[in-house]
Amino acid sequence: MLIATNAVLAMRCPECGKMEFHDLSRFAFSRGKNVEINCSCGASKMLVITKNRSIYWLHFACVICETKHVLEISGKSLWSGEVVRLACQDTGLDLGHIGPEAKVYDLSFSREHELEALVDE
């Protein structure tokens with residue numbers, strides 16, 4: 001059985017609005033380290049905190065309501081091979097996704113096309 005050690009985060013920057021993909025490694029959390037994910041413009045997108053690698057707290061900036069949201073997720077769910085949806089807790093709108101690279105890319109690009117079609121209408 002293979003154990004997933006990497007995930008990809010797809011999320012828009014709350015400052016510049018650019019969609020970027022970021023690698024997230026299970027090994028980055030060794031010795032209780034927190035992991036901060038920043039946009040290429042320098043803005044902070046997400047802070048991932050864990051104490052024992054069984055529970056993770058994702059603190060992420062919301063491009064919709066301009067606040068920070070916190071999502072508590074088990075390590076089993078985060079590294080399961082399934083996509084975790086990041087949503088605005090006030091509106092329920094998608095902010096991003098974390099999961100296996102291929103699934104996250106496919107989901108992100110399909111959502112981008114849906115958004116463009118909606119804007120075109």
Side-chain angles (χ1 to χ4, degrees):
M1 179 169 113
L2 292 175
I3 298 172
T5 60
N6 289 322
V8 170
L9 166 69
M11 188 173 172
R12 287 202 177 278
C13 177
E15 296 294 323
C16 71
K18 183 177 178 184
M19 171 65 90
E20 290 182 333
F21 297 89
H22 305 273
D23 290 320
L24 189 61
S25 170
R26 179 179 257 183
F27 299 111
F29 297 97
S30 64
R31 299 185 192 162
K33 290 183 184 175
N34 299 331
V35 173
E36 185 171 7
I37 299 170
N38 295 311
C39 179
S40 59
C41 76
S44 176
K45 284 186 176 179
M46 180 180 287
L47 177 64
V48 183
I49 299 171
T50 186
K51 298 245 189 264
N52 56 10
R53 290 185 279 185
S54 64
I55 300 291
Y56 292 81
W57 293 273
L58 311 177
H59 297 253
F60 52 96
C62 181
V63 66
I64 297 168
C65 66
E66 299 178 349
T67 62
K68 295 234 183 217
H69 298 301
V70 179
L71 175 64
E72 182 179 311
I73 186 167
S74 71
K76 187 175 183 177
S77 294
L78 184 59
W79 308 111
S80 70
E82 296 301 318
V83 175
V84 175
R85 179 177 169 257
L86 303 174
C88 174
Q89 294 169 353
D90 293 336
T91 64
L93 295 172
D94 280 350
L95 298 175
H97 301 90
I98 297 177
E101 183 176 12
K103 290 180 181 179
V104 169
Y105 276 94
D106 288 346
L107 189 57
S108 296
F109 288 121
S110 70
R111 300 278 181 182
E112 197 70 26
H113 293 299
E114 289 172 9
L115 182 61
E116 288 174 5
L118 185 62
V119 169
D120 288 343
E121 287 178 11

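What you see below is based on every heavy atom in this structure, not just the backbone, and it leaves out hydrogens, waters and symmetry mates.
- Ring geometry for Y105 against F21 counts as parallel: the plane angle stays under 30°, on a 0 to 90° scale with 60° as the upper cut.
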*Run the numbers on N34 and V48 for side-chain contact (heavy atoms from CB on, under 4.5 Å), then give the verdict.*
CA-CA 6 Å; N34 299 331; V48 183; over 6 Å; no
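- Placement of V70 and L95 in two distinct hydrophobic clusters is found when ILVMFWY residues are connected by side-chain heavy-atom separations under 4.5 Å, directly or transitively.
- Closest of all the heavy-atom pairs between A87 and H69 is O-CD2, 4.3 Å.
- Nearest heavy atom pair, residue A7 against residue I98, reads CB-CG2, 3.9 Å.
- Between the OG atom of S40 and the NZ atom of K18 there is a distance of 3.5 Å, given to the nearest 0.5 Å.
- If you take CG on N6 and CD on E101, they are separated by 9.0 Å, rounding to the nearest 0.5 Å.
- Within the 3.5 Å criterion, the main-chain N or O of L71 finds no donor-acceptor partner in the side chain of Q89.
- To the nearest 0.5 Å, atoms OG1 (T50) and NZ (K33) are separated by 14.0 Å.
- In terms of heavy atoms, K45 sits closest to P14 at CG-CD, 4.2 Å.
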_Test side-chain contact (heavy atoms from CB on, under 4.5 Å) applied to T91 and C65, step by step_ = CA-CA 8 Å; T91 64; C65 66; 5.8 Å; no
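- In this structure, M46 CE and K68 NZ are separated by 10.0 Å, a value rounded to the nearest 0.5 Å.
- Closest approach of V104 and G99 over heavy atoms only: CG2-N, 3.3 Å.
- Atom CG of L47 is separated from atom CH2 of W57 by 12.0 Å, given to the nearest 0.5 angstrom.
- A pairwise comparison of heavy atoms in C16 and C13 identifies N-SG, 3.4 Å as the closest pair.
- When the side chains of ILVMFWY residues are joined at heavy-atom separations under 4.5 Å, either directly or via intervening members, L9 and V84 end up in a single hydrophobic cluster.
- If you take SG on C39 and CD on E20, they are separated by 4.0 Å, rounding to the nearest 0.5 Å.
- Counting all heavy atoms, side chain and backbone alike, G17 lies closest to R12 at O-NH1, 2.7 Å.
- Side chains of W79 and L24 form a contact here, defined as non-hydrogen atoms less than 4.5 Å apart.
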*Stepwise side-chain contact (heavy atoms from CB on, under 4.5 Å) check, I37 with F60*: CA-CA 9 Å; I37 299 170; F60 52 96; over 6 Å; no
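- Hydrophobic clustering, with ILVMFWY side chains joined whenever heavy atoms are under 4.5 angstrom apart, groups L58 together with V63.
- Residues I64 and D90 form no side-chain contact, since every pair of their non-hydrogen atoms from C-beta on lies 4.5 Å or further apart.
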